[in-house]
Amino acid sequence: MSSEFVALSLPPMVIGTLAAIACALPGNFLLLRRQALIGDAISHVVLPGIVLAFIVTGSVAAWPMMIGAGAAALITVFLIELIRRVG
Amino acid sequence: MLLEALTLQLGYNATLVTIGATLLGLTAGAVGTFLYVSKRALVSDAISHATLPGIGLAFIAMVLLGGDGRALPGLLIGSALSAWIGLLCVSWLTHRTRLTEDAAIGAVLSVFFGAGVVLLTIIQTMNTGRQAGLEGFLLGSTAGMLWNDAVILAVGGAATLAALLLLHRSMALVAFDPDYAAASGTNVRRVELAMMGLALAISVVGLKVVGLILIVALLIIPAVAARFWSDRLERVVILAAAIGGASGFIGAALSASAPDLPTGPIIVLIAFAFFAGSFLFAPGRGVLAVVLRHRHFQTRVHVRQGLLALAQAQPIYEPLTLRLMRRAGLIRADGVATDMGRAQAARALLDERRWEILRADPRHEWAAARYDGLTPLETILTPDQLAELDLSLGPEPV
């Protein structure tokens, strides 16, 4: 292990902290509704959304990725509800 | 190319992977049915994600002991140990704290997986050699599958199936009625741990073929797809094993027939195709069957109500009723009843009046419970009972 393994730099730490705060707040409601694993499901499903956004736009910029991920997450929630009601 | 792949003629590695994937799918489908039926399907997700730190630690331990870091038996033993610890953590969190099971699963899954990723990153920076390829356990790496790997797969799968044969009665009992099982002497906790142990065995055995992220799909999807076809547990188990084996076979063959297709994800997609087909087209429980059954029922109700309206000289306004009755030849295009329509309307009105009298009579309580607006009374009562009922039929009020 080199001495640079734990490199303390501010931007990733701030991003990590803010992301953790943003995730923890809705997580309370998921926990109370016993839907804790929806977060796991959505985080796995954004992968094809991101890949499709890359295929469509051809760039790895942040905005297309996020829109693709958001669209995939919405489709996921819709499919989950569909299978629960109809299946 | 695909045909050669399906008939196992594409070479040594492809044949090995195909047979291994089929065995894995068979066993995973059977075990997954019991997980699904006892509503603990996602604990297997936590178990499979918890194998990652074990793989990293086993690699480090084997390298420190001077051996080959990537020896598969050592890695599998390490993964099994950490998965067992993860399972115990889920069990402890559920039974000793106020957390519900899904919160415990989510916590264990993410913490162990994160620890595993950190360990893999540490391993990458270690200055011992031959550490590439451990990420192959995430999504499966069948390209370098050896005869020894296939033997481990076969032996593990056979042992799991044997354990399943021994335990399936207790597992079914504990899944459906844990209170009765506890009262009749079964050790419920031990049977549940055994079921999770079988899931652990499948996760460990399937690490090389489909990887730890996707093994939960191979456990759950065949069981859920098979559920659409039967209500009996034995049939669902056998069908789930068949669907799992078929998706393993077809998926592995498909990924071998074309370049750049990863084996594990393709197997999961084939399993999902089976699920989608069952969801839509299973007779009785599929979407198509439900929709057809609903339309048939809707037709019967509309025609019955339309006939009653005809018999009582009331106008029919609902366009669906008019269309259905026209199609059945009961009314003409302008809404006037045909001869057959008038005859059936009279019969429907007679049946409705008989039901009215029956339901008001306390002696026929058991028959009155079967009134649903569609069943004719002639199918329930005997002719002499009907004749006695008809004596109470008076003239129609004007």
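Here is how names work: the chains are called A, B, and so on, in the same order as the sequence lines, proteins then strands, and each is numbered from 1.
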query: Counting only heavy atoms not in B:F297, do more than 12 sit closer than 6.0 Å to its CZ atom?
result: no
- prompt: In this structure, which one of B:V216, B:V31, B:L218 forms a side-chain contact (heavy atoms from CB on, under 4.5 Å) with B:S44?
  reply: B:V216
statement: Scanning both residues in full, the closest heavy-atom pair of B:G86 with B:A50 reads CA-CB, 4.2 Å
- request: For a side-chain contact (heavy atoms from CB on, under 4.5 Å) with B:F137, tell me which candidate from B:L207, B:L120, B:T51 qualifies.
  value: B:L207
message: So for atom CZ, which belongs to B:R235, do other residues, nucleotides or ligands contribute more than 12 heavy atoms lying within a distance under 6.0 Å?
response: no
Residues 13-23 of chain A: residues contacting chain B (heavy atom under 4.5 Å, by number): none
- request: Below 4.5 Å from any heavy atom of chain A, which atoms of B:F275 appear? Answer side chain, backbone, both or neither.
  value: side chain
- prompt: Any ion pair linking B:E101 and B:R40 (charged N to carboxylate O, less than 4.0 Å)?
  reply: yes
